[in-house]
Number of protein chains: 2
Amino acid sequence: MSKAITRTYSRYNRDATALLGALIREARNERKLTAQEVADRAGISRGLLQRIEKGNLKCEIGAVFEVATIVGIKLFDADDTTLTKYLHQTREKLTLLPKSVRKKSKAVHDDF
Amino acid sequence: MSKAITRTYSRYNRDATALLGALIREARNERKLTAQEVADRAGISRGLLQRIEKGNLKCEIGAVFEVATIVGIKLFDADDTTLTKYLHQTREKLTLLPKSVRKKSKAVHDDF
DNA sequence: CATATTTGATCCGTATATAGATCATATAAC
DNA sequence: GTTATATGATCTATATACGGATCAAATATG
């Protein structure tokens with residue numbers, strides 16, 4: 001028995017993950033790499049790679065990003081230095097921001 | 001007991017996830033949203049949101065992407081992402097999803 | 001053609017990520 | 001100052017994602 005926790009995902013989210021998985025698969029085929037090869041290099045099982053390429057939303061983000069990097073897909077920026085620099089800048093900026101937010105009992109509205 | 005499975009992640013991978021988490025937190029603060037509010041909208045617990053914002057690599061990619069979308073972070077629309085290039089280049093092919101090298105002989109069985 | 005390799009799709013045992021609760025501390029509002 | 005709320009950290013029970021194995025079908029190779 002189980003109170004199956006069914007999590008809901010937005011359409012955009014599902015599309016984004018499916019796209020990423022498709023890109024991974026395409027890049028892997030272009031590089032003539034077998035699923036087993038990529039899985040070994042990523043330190044994951046072939047079954048997990050299958051789920052990732054199918055766009056399964058319940059995979060570890062670390063595994064997905066690792067595979068993407070292995071097949072040559074850069075996640076955020078072309079070179080690592082820029083990414084790292086951006087990360088540091090963001091952290092510095094975060095230290096200047098308040099650590100907690102306080103609502104003024106006003107309605108919030110999404111714009112997407 | 002239990003042979004703890006320690007998975008290795010590349011530095012680029014760790015940085016990317018940490019950056020994404022930092023961006024999420026920054027965006028959440030800028031929008032004056034509490035952790036509980038974002039967690040509720042994403043359908044996740046506040047503890048999971050904490051781990052996501054800390055850049056934990058073992059979180060579900062679906063949860064991470066969902067939170068990112070909620071706080072206003074577009075995953076693939078940013079101009080400075082290399083992933084966008086792939087998106088535009090392969091958009092036509094991806095509309096034919098799922099595209100696989102091998103043909104499927106049986107009915108597609110997606111459970112998500 | 002025959003043979004080898006790769007992939008898709010299950011199933012199962014187990015490690016673990018998650019939700020939920022709790023508490024102390026920090027911060028905001030008053 | 002006091003009070004209310006948000007955050008960070010920890011713990012437990014449970015749902016589940018994972019690795020590994022198996023097998024059939026598809027594809028590649030000879």
Side-chain angles (χ1 to χ4, degrees), chain A residues 1-9 17 21-22 24-26 28-64 66-67 71 94-106 108, chain B residues 1-9 17 21-22 24-26 28-64 66-67 71 97-112:
Chain A
M1 316 309 289
S2 54
K3 15 180 178 176
I5 297 178
T6 51
R7 194 171 298 169
T8 60
Y9 302 96
T17 310
I24 288 173
R25 180 183 182 86
E26 193 177 47
R28 180 173 65 81
N29 285 331
E30 288 179 354
R31 300 198 172 204
K32 307 288 192 220
L33 296 174
T34 68
Q36 192 63 61
E37 284 174 334
V38 174
D40 290 342
R41 290 174 56 182
I44 65 175
S45 65
R46 189 170 64 93
L48 177 54
L49 178 59
Q50 280 187 9
R51 296 172 57 227
I52 291 174
E53 291 186 347
K54 276 182 82 174
N56 192 306
L57 291 152
K58 296 179 180 176
C59 303
E60 289 184 7
I61 190 173
V64 179
E66 198 72 23
V67 168
V71 298
L94 285 174
T95 57
L96 301 178
L97 296 174
K99 292 181 180 178
S100 65
V101 295
R102 189 65 179 274
K103 289 192 60 57
K104 295 183 177 179
S105 65
K106 194 70 190 81
V108 288
Chain B
M1 43 214 336
S2 65
K3 24 187 173 179
I5 297 179
T6 51
R7 192 170 299 168
T8 60
Y9 303 96
T17 310
I24 288 173
R25 181 182 180 86
E26 189 179 37
R28 180 173 66 81
N29 285 330
E30 288 179 352
R31 297 200 169 202
K32 303 287 191 249
L33 296 174
T34 68
Q36 192 63 60
E37 285 175 333
V38 174
D40 289 342
R41 289 198 222 175
I44 66 175
S45 64
R46 188 170 64 92
L48 177 54
L49 178 59
Q50 280 187 10
R51 296 173 57 228
I52 291 174
E53 291 186 346
K54 286 179 69 174
N56 191 309
L57 291 153
K58 296 180 179 179
C59 303
E60 289 183 8
I61 190 173
V64 179
E66 197 74 21
V67 169
V71 298
L97 281 175
K99 174 168 172 50
S100 62
V101 179
R102 303 174 183 279
K103 300 176 183 176
K104 294 181 179 178
S105 60
K106 290 190 174 182
V108 179
H109 178 57
D110 280 343
D111 53 347
F112 58 89

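Protein chains get the first letters and strands the later ones, always in sequence-line order, with residue 1 at the start of each.
- As a whole-Å value, the separation of B:I61 CD1 from C:dA17 P is 16 Å.
- When distances run from any side-chain atom of B:Q50 to the nucleotides C:dT7, D:dG8, C:dA19, the shortest one goes to D:dG8.
- Here the P atom of nucleotide D:dT14 and the CG atom of B:L48 are 20 Å apart, to the nearest Å.
- B:L57 has its CG atom 14 Å from the C1' atom of C:dA17, to the nearest Å.
- Spacing between atom NZ of B:K58 and atom P of D:dA15 amounts to 22 Å, rounded to whole angstrom units.
- Counting only distance, with no hydrogens or angles, the side chain of B:R31 and the backbone of B:V71 share a donor-acceptor pair below 3.5 Å.
- Between B:L33 atom CG and D:dT5 atom C1' the separation is 15 Å, expressed in whole Å.
- Among C:dA19, D:dG8, C:dT7, the nucleotide with an atom closest to any side-chain atom of A:R28 is C:dT7.
- You'll find a donor-acceptor pair under 3.5 Å spanning the side chain of B:R46 and the base of D:dG8, going by distance alone.
- Of the options A:E30, A:E53, A:Q50, a side-chain hydrogen bond (donor to acceptor under 3.5 Å, both in side chains) to A:R25 is made by A:E53 and by none of the others.
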*Could you walk me through whether A:R7 and B:E66 pass salt bridge (Lys or Arg N to Asp or Glu O under 4.0 Å), step by step?*
CA-CA 11 Å; A:R7 194 171 298 169; B:E66 197 74 21; over 6 Å; no
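- Distance alone, capped at 3.5 Å, places no donor-acceptor pair between the B:R46 side chain and the B:Q36 backbone.
- Atom CD of B:Q36 is separated from atom C1' of D:dA6 by 10 Å (rounded to the nearest Å).
- Heavy atoms of B:E60 sit under 4.0 angstrom from primed sugar atoms or phosphate atoms, though from no base atom.
- Nearest-nucleotide mapping onto DNA chain D: of A:S45 and B:G47, the residue sitting toward the 5' end is B:G47.
- OP1 or OP2 of D:dG8 has at least one side-chain nitrogen or oxygen of B:R25 nearer than 4.0 Å.
- The side chain of A:I44 approaches D:dG19 more closely than any other nucleotide in the set C:dA9, D:dA6, D:dG19.
- We find that CD of B:E53 is positioned 14 Å from P of D:dA6, with the value rounded to whole Å.
- Closest of all the heavy-atom pairs between B:T17 and B:G55 is CG2-O, 3.3 Å.
- Taking atom CD1 of B:I52 as the reference point, atom P of D:dG8 lies 14 Å away to the nearest angstrom.
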